[in-house]
Amino acid sequence: MKHKELHVVIGGGIAGCVAAITRSRAGYDVIVLEGQQARSEGTYPVCTQTSNIVSENHSGAEYPFDPQSARDCLDGRIENERFFPETIYGGKTNSRIIASQSMMDDGHDIVGQCRTNMDVIRSHYARRCEEDPANAVFGDPSQVCREVPTVDGVHDVAAAFLTPQRGMNPVLVSTVLDWELRRCGVDFREGSSVQTVERRADGRYDVVHTNAGGATRTVVADQVSLCAATAAFGLAKSLNPGIEFPRLFMALREILYVDLPDGTEKNFTCLKLEDSYGGMLSPLNEHVAMIYHPPAGHVMNLVMDPVTGAAPYARHLAEGHPEMQERAERTLSRLRDFYPELRRSKILGTYLKVAINTVSDSRMRRNIGVFGVDSGATMTVLPKWTMCAVNGRKELALALEHSKAAGNVDADEAEEILAGSTRTCWETPPDWAGKPELLTARAKKHAVNMNVPEALALRFSDAVAPSGERQVSY
């Protein structure tokens with residue numbers, strides 16, 4: 001690199017962390033400005049906001065209504081499998097997508113739609129494997145999805161489908177990202193609330209923020225990356241009022257963490273599909289699961305202000321919603337009808353999140369992508385963590401294009417830089433990563449930062465089958 005550029009990444013969620021890591025690996029000096037402060041000593045406050053609930057690493061199997069979302073999510077799974085270490089998954093290898101008999105009885109051919117979607121996933125995965133054998137992260141394309149006729153102990157089942165989808169444990173993801181940020185030498189400045197971003201006459205950017213001590217500071221950046229979740233839209237509009245986003249629907253959703261007091265062994269995500277016909281049960285380990293029931297969990301749905309980019313729900317996200325407790329109790333009560341293992345579960349935490357969608361129907365188009373806001377300014381918002389590595393690569397490619405135009409990177413080296421900068425995290429794992437008690441201790445600190453149950457820091461039991469899969473009866 002002919003001139004050492006300084007890049008500022010705004011936001012320390014998963015999108016901001018991936019942007020900071022890949023840009024630092026590319027040879028840029030990187031500062032992350034994150035508004036939150038750590039509550040655990042020796043940690044960075046990464047993924048501390050509502051994004052920490054959006055942690056399913058989708059394969060697209062849960063989108064039988066939208067083949068493009070299925071393909072997007074499968075691409076995301078492949079890239080995440082290559083970017084993150086196995087540690088973040090805690091042992092889960094399969095998800096189970098359940099088609100409801102009630103849905104069939106009401107005239108919705110959910111079984112047929114699921115079967116069609118499995119064909120979409122198989123064919124898309126086969127194409128990706130043909131393009132590059134390294135994409136074959138799930139094994140033989142013909143076996144990537146399969147149908148099972150019955151599911152013991154779960155009510156209202158017309159058919160079920162096993163897919164390679166599995167959950168990303170959010171506190172383990174944060175533990176990995178924290179380590180990688182430090183290893184890359186990223187300057188992570190917590191308690192830094194960005195006020196404005198303005199382009200200078202020389203093409204650089206003034207990033208004005210208040211620091212942890214309350215003082216106003218300005219960083220002059222060669223490039224900026226806007227990764228501050230829904231707040232990024234307003235920052236982008238202030239930089240470029242003419243930028244156009246699709247009509248974005250922002251749904252306020254409620255997600256719960258519950259305990260599994262009987263140690264129920266559920267080594268997969270369970271999904272009933274849509275509306276009143278079911279909901280999600282996603283164990284993070286034997287002790288805690290994430291659950292969701294659409295009729296109770298869908299609080300409201302509003303459109304983002306198209307002129308200012310202002311997002312709704314700031315007050316609710318800060319203060320909660322008056323119906324949270326009632327909705328939480330209704331969720332757990334209803335899901336007990338589908339999942340008997342929840343019969344003695346208690347609610348460990350209730351959380352609000354914003355689900356961003358490009359159409360009013362939440363079953364369609366959940367990947368927004370990366371925007372070039374201005375010369376040297378990008379924006380990444382992740383409705384799903386699944387897309388973090390895919391969009392991280394696109395985001396870095398835009399940064400490199402700007403550096404090439406500025407004469408700081410040679411055109412023939414940009415592709416090599418891009419490939420090297422998006423390589424796997426933890427190529428050489430830290431010593432503590434292989435010691436469960438040390439890994440759990442670090443992950444618990446991130447659970448405290450993220451205000452989620454500390455039980456999430458535990459991985460699935462190490463007692464696994466020789467194939468790497470737990471012995472689970474389907």
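All figures in this text were calculated on a predicted structure; none of them were measured in a lab. Basis for what follows: all heavy atoms, side chains included, without hydrogens, waters or symmetry-related copies.
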* Flag for His446-Ser40: side-chain donor and acceptor within less than 3.5 Å -> no
* To do: State, to 0.1 Å, how close Leu302 and Tyr313 come at their nearest heavy-atom pair, and which atoms those are.
  => N-OH, 3.0 Å
* **Gln37 atom CD: more than 12 heavy-atom contacts under 6.0 Å** => yes
* From CG (Asp222) to NZ (Lys4), nearest 0.5 Å -> 11.5 Å
* Asked: Hey, what do you get for CD1 (Ile255) to CZ (Arg253), rounding to the nearest 0.5 Å?
  -> 7.5 Å
* Asked: Any chance the side chains of Thr380 and Asn391 put a donor and an acceptor closer than 3.5 Å?
  -> no
* Sub-6.0 Å ring centroid separation between Tyr89 and Phe84 -> no
* Side-chain donor or acceptor of Asp305 paired with backbone N/O of Thr308 under 3.5 Å -> yes
* Does Phe83 reach the side chain of Val390, with side-chain heavy atoms less than 4.5 Å apart? -> no
* To do: Give a yes or no answer on whether the side chain of Glu79 reaches the backbone of Ala389 with a donor-acceptor pair at less than 3.5 Å.
  => no
* Residues His7 and Arg23: side-chain donor-acceptor under 3.5 angstrom -> yes
* Under the side-chain contact (heavy atoms from CB on, under 4.5 Å) rule, what do Met387 and Lys394 come out as? Steps first, then yes or no, please. => CA-CA 11 Å; Met387 306 309 298; Lys394 292 177 180 177; over 6 Å; no
* With Glu147, which residues qualify under side-chain contact (heavy atoms from CB on, under 4.5 Å), at least two apart? -> Arg115, Ala159, Phe161
* Asked: What's the spacing between Phe371 CZ and Ile243 CD1 if we round to 0.5 Å?
  -> 6.5 Å
* Taking the side chain as C-beta and beyond, is there a heavy-atom pair between Lys384 and Asn367 under 4.5 Å? -> no
* **Side-chain H-bond candidate by donor/acceptor type, Asp72 with Gln68, under 3.5 Å** => yes
* Asked: Is the side chain of Asn285 donor-acceptor paired with the backbone N or O of Ala455 at a distance under 3.5 Å, no angle test?
  -> yes
* Asked: Are the ring centres of His298 and Tyr292 closer than 6.0 Å?
  -> yes
* When rounded to the nearest 0.5 angstrom, what is the spacing between CD in Glu5 and NE2 in His402? -> 6.0 Å
* Output all residues satisfying ring pair (Phe, Tyr, Trp, His ring centres under 6.0 Å) with Phe233, sequence neighbours left out; order by chain, then residue number. => Phe245
* Asked: Looking only at atom types and distance, does a side-chain atom of Tyr125 sit under 3.5 Å from a main-chain N or O of Phe138, one as donor and one as acceptor?
  -> yes
* Is a side-chain N or O of Arg39 found less than 3.5 angstrom from the main chain of Val448, in a donor-acceptor match? -> yes
* Report yes if the side chains of Tyr205 and Val8 come closer than 4.5 Å at any heavy-atom pair, otherwise no. => no
* Determine yes or no for a side-chain-to-main-chain donor-acceptor pair under 3.5 angstrom, with Asp410 supplying the side chain and Asp412 the backbone. => no
* So which heavy atom on Ser403 is nearest to which on Gln223, and how close? -> OG-NE2, 3.3 Å
* Asked: For Arg127 and Arg71, what are the C-alpha separation, side-chain angles and deciding distance, and is it a side-chain contact (heavy atoms from CB on, under 4.5 Å)?
  -> CA-CA 11 Å; Arg127 284 196 297 273; Arg71 288 187 284 266; 4.2 Å; yes
* Structure fact -> Nearest heavy-atom contact between Val32 and Ala20 is CG2-CB, 3.5 Å
* Structure fact -> Residues Cys17 and Leu177: closest non-hydrogen pair is CB-CD1, 3.9 Å
* Would you tell me whether Asp75 and His124 have side-chain atoms, one donor and one acceptor, within less than 3.5 Å of each other? => yes
* Asked: Can you tell me if Thr440 uses its side chain to pair, donor with acceptor, with the backbone of Glu437 under 3.5 Å?
  -> no
* If you look at every heavy atom in Leu352 and Leu317, which pair is closest and at what distance? -> O-CD2, 3.9 Å
* Spacing of CG belonging to Asn357 relative to CG belonging to Leu248, to within rounding of 0.5 Å -> 8.5 Å
* For the pair Ser24 (side chain) and Cys184 (backbone), establish whether a donor and an acceptor sit closer than 3.5 Å, ignoring hydrogens and angles. => yes
* **Lys404 NZ: over 12 foreign heavy atoms closer than 6.0 Å** => yes
* Using only heavy-atom distances, determine whether the side chains of Thr216 and Gln195 contain a donor-acceptor pair under 3.5 Å. => no
* To do: Report the C-alpha separation of Glu81 and Arg77 in whole Å, then their side-chain angles, then the decisive distance to 0.1 Å, and conclude whether the salt bridge (charged side-chain N to carboxylate O under 4.0 Å, His left out) test is met.
  => CA-CA 6 Å; Glu81 202 79 14; Arg77 267 300 314 272; 2.7 Å; yes
* Would you check if Ile31 and Asp29 make a side-chain contact, meaning some heavy-atom pair closer than 4.5 Å? => no
* Between Arg183 and Glu427, does at least one N-O distance fall below 4.0 Å, as a salt bridge requires? -> no
* Does Leu439 offer a backbone N or O that forms a donor-acceptor pair with the side chain of Arg442 under 3.5 Å? -> no
* Within 6.0 angstrom of Arg423 CZ, more than 12 heavy atoms from elsewhere -> yes
* Asked: So, Tyr351 side chain and Asn451 main chain: donor-acceptor pair closer than 3.5 Å or not?
  -> yes
* Structure fact -> Nearest heavy-atom contact between Ala61 and Thr163 is CB-CG2, 3.2 Å
* Stepwise, does the side-chain contact (heavy atoms from CB on, under 4.5 Å) test hold for Leu6 with Val219? -> CA-CA 9 Å; Leu6 174 63; Val219 177; 3.9 Å; yes
* To do: Carefully, step by step, assess Asp206 and Val220 under the rule side-chain contact (heavy atoms from CB on, under 4.5 Å).
  => CA-CA 5 Å; Asp206 285 334; Val220 180; 3.5 Å; yes
* Does the pair Arg128/Asp132 count as a salt bridge with the N-to-O cut at 4.0 Å? -> no
* Starting at OG of Ser193, measure out to CG of Asn211 and round the result to the nearest 0.5 Å. => 10.5 Å
* Asked: Do Trp385 and Pro170 come close enough that some side-chain heavy atom pair is under 4.5 Å?
  -> yes
* Asked: Between Tyr44 and Phe188, how do the two ring planes meet: parallel, tilted or perpendicular, split at 30° and 60°?
  -> parallel
* **Any side-chain heavy-atom pair of Cys388 and Asn80 under 4.5 Å** => yes
